**Q** 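Structure below; questions to follow.
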Amino acid sequence: MNLYRNKVNRGSYVWVFDAQIEENIIADVLYTNNFAITVSPFAFQRFWQEAEQMNFSAIVGDFNHKNHFFKIGNKTDLLEAIEHHKTYLFNYMTTRSCSMYEDICVITGTEFPILFNNDPYILAFLISISIIIGFLNSALYISITGKNQSLLSRFESAILNKDFNFVYQPIYNVETHRVTGVEALIRWNDSHMGSIGPDIFIPLAEKNGLINKISLYVVEHALAEFAPILHRYNIILSINVNCSDICDDTFRAKLFTTLEREKIPGNLIMLEITERQNASIEEIKKAMLSYKDSGIRFALDDFGTGYSNLNWLSLLDVEEIKIDKSLIDCIGTEPSVNPVLSGLIGMLNKMPKLVVFEGVETETQYRFLLDNIPDCYAQGWYFSKPLKSEEISSLLMS
Amino acid sequence: MFTIVLCYGLGSGIYYYYLHEKIENYADSILSRSDSLIKQVQLIDGLRDEFSVYPPCSEQYLHQLRKRLWPYPLIKDIVPMSAISTLSALRSGGRLALLFP
């Protein structure tokens, strides 16, 4: 008759497992030199309960796991086989927790349930979440693409329906405070979406290859609208154009046709060259020659931003340069840029070209220009906000 | 289909992490319980001098034993080795003498 299942000598004590103490009484007993100590049957009971609930297995042994003391769980044979590399289960996870001091190591293991043990509730929950996320994703995607498409289609419709309008920002001689020209600025006021700024629709037009259409639209409609003022007052109308516009035969033809139709002399038109990053100087130079006989003038817009500005200035035959607002903004704010400004002013004073400063908004900026470059020109909210053509008429009349 | 696979992967990852934490805690708890048991046994063994003043299985001895055993919940019973072959052993430990290595 077996009186115990396992017996482990631990030096200062002997641990006897599952010892049959009396009939129907089985317990672990630890013997020291002085006592026989019976372990409470509840000492490890909760681990058995947890093992059954979670399908865990545990083997308690010495640190090197040469001797196994006792086991907890119903699948300890599998854990033992995996631990001793006798078998392999890809979804079986094991952990070790050891105490070197007591020379005890606990190895635990469980199977990771593929498909969550086919638990219908968990699977149904995951599928539901997936469907909801998929639905929301699709809705978001459709909404974003739909919005972009609708903006683009509205933009195309606006060109066809001539829904754009123009405002004109006066350009002043700084010394005399007289209006010498205006810059035509396009505006889009959509009936549903309200006012849409050029910072939105110009990149949209560029991205979708519609920028040349916009340039044609500006030439045709701004010239037609502003023609009566040009006939009456000797001022210059500036229009922003891309490098690609200048080289484009259609644009050139449209410009000449409109000037002829509206009977506007070419020398009252200033084409401000913007977006120069991807353009070839040689092509622009060649194209500019084809405008020479018409008297149309050219300006270099946004001077001071981007790159190759000095290169462009030296190579192109432009009459005017427009200094970008970012340089004007430095006046009176950043002492460290004063040497730069001084250098720039020195350069601009020696330049035989018209110099227009954009974005002048404060008295300080105006005073600075008046003191340093009195024969320059300026535009900005300090002088006037962009006005409708009728308001420009009134302004010029006064 | 993609979102189902994604959600399943995500759910499995989270469950794996949860299960791994759980089983690690389980192993730590068993180790901690084993440690406690051994410490309690060693503490009781250190009390042998307290009992030696009384004759084994005497009224005072058993009273002292019961009193000292009370704070150790992992210990069910204790029998002095000197008494294992006596009546006390039969009363308290049954076949403990036979188990003794």
Side-chain angles (χ1 to χ4, degrees), chain A residues 3-4 7 9-10 12-14 16 19-22 25 27 29-44 47 50-51 54 56 58 60 69 72 93-99 101-102 104-110 112-116 122 126-127 129-131 133-134 137, chain B residues 1-8 10-12 15-16 19-20 22-42 44-49 51-52 65 69 72-84 89 92-101:
Chain A
L3 294 172
Y4 55 87
K7 185 167 69 181
N9 193 335
R10 305 285 293 159
S12 62
Y13 61 92
V14 176
V16 180
Q20 190 174 358
I21 298 166
E22 292 282 350
I25 299 176
V29 182
L30 283 109
Y31 290 92
T32 66
N33 289 333
N34 305 295
F35 301 106
I37 299 163
T38 309
V39 178
S40 164
F42 299 105
F44 292 94
F47 300 110
E50 202 170 344
M54 299 293 295
F56 287 168
V60 181
F69 304 161
I72 298 171
M93 60 167 83
T94 59
T95 62
R96 291 169 72 95
S97 184
C98 301
S99 162
Y101 179 71
E102 296 291 354
I104 287 183
C105 222
V106 180
I107 294 175
T108 51
T110 189
F112 180 72
I114 305 295
L115 287 175
F116 304 99
I122 295 179
L126 278 178
I127 289 170
I129 289 285
S130 307
I131 290 168
I133 291 174
N137 256 345
Chain B
M1 189 64 196
F2 173 73
T3 48
I4 289 176
V5 172
L6 188 75
C7 278
Y8 173 71
L10 205 64
S12 297
Y15 190 62
Y16 181 88
L19 204 59
H20 199 268
K22 191 100 181 155
I23 203 166
E24 262 184 359
N25 291 340
Y26 182 67
D28 289 343
S29 302
I30 295 174
L31 181 70
S32 163
R33 181 57 57 89
S34 305
D35 268 349
S36 301
L37 176 65
I38 291 164
K39 278 192 178 70
Q40 287 181 18
V41 166
Q42 286 165 345
I44 287 172
D45 194 45
L47 301 173
R48 56 188 173 275
D49 295 339
F51 304 115
S52 61
L65 203 62
L69 200 60
Y72 303 108
L74 300 178
I75 308 296
K76 176 76 176 173
D77 197 8
I78 180 166
V79 179
M81 291 302 289
S82 56
I84 273 183
S92 309
R95 299 184 184 181
L96 289 175
L98 296 169
L99 297 169
F100 181 64

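To find a chain, count down the sequence lines: A is the first, B the second, and so on, and within it residues start at 1. What you see is a predicted model, and the numbers here were worked out from it, not measured in a lab.
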**Q** Measure up the A:Phe112 and B:Tyr15 rings against each other and bin them: parallel (under 30°), tilted (30 to 60°), perpendicular (over 60°).
**A** tilted

**Q** Select, from B:Lys22, B:Glu24, B:Arg33, the one with the greatest count of heavy-atom pairs under 4.5 Å involving chain A.
**A** B:Arg33

**Q** Name the option with the most non-hydrogen atom pairs under 4.5 Å to chain A; the candidates are B:Asp35, B:Leu74, B:Ile23, B:Val41.
**A** B:Ile23

**Q** Which bit of A:Ala27 comes within less than 4.5 Å of chain B, counting heavy atoms only: side chain, backbone, both or neither?
**A** neither

**Q** Please state whether the rings of A:Phe56 and B:Tyr26 are parallel, tilted or perpendicular, taking 30° and 60° as the class boundaries.
**A** tilted

**Q** Tell me, side chain or backbone of B:Gln40 under 4.5 Å from chain A's heavy atoms, or both, or neither?
**A** neither

**Q** Starting at CG of A:Leu30, measure out to CG of B:Leu37 and round the result to the nearest 0.5 Å.
**A** 5.5 Å

**Q** Quick check on B:Ser32 against chain A: is it the side chain, the backbone, both or neither that has a heavy atom closer than 4.5 Å?
**A** neither

**Q** Need one label for A:Tyr13: side chain, backbone, both or neither, based on atoms under 4.5 Å from any heavy atom in chain B.
**A** side chain

**Q** Counting only heavy atoms closer than 4.5 Å, note whether B:Ile44 contacts chain A via side chain, backbone, both or neither.
**A** both

**Q** Counting only non-hydrogen atoms closer than 4.5 Å, does B:Ile75 touch chain A with its backbone (N, CA, C, O), its side chain (CB onward), both, or neither?
**A** both

**Q** Identify which part of B:Lys39 has an atom lying under 4.5 Å from any heavy atom of chain A, answering side chain, backbone, both or neither.
**A** side chain

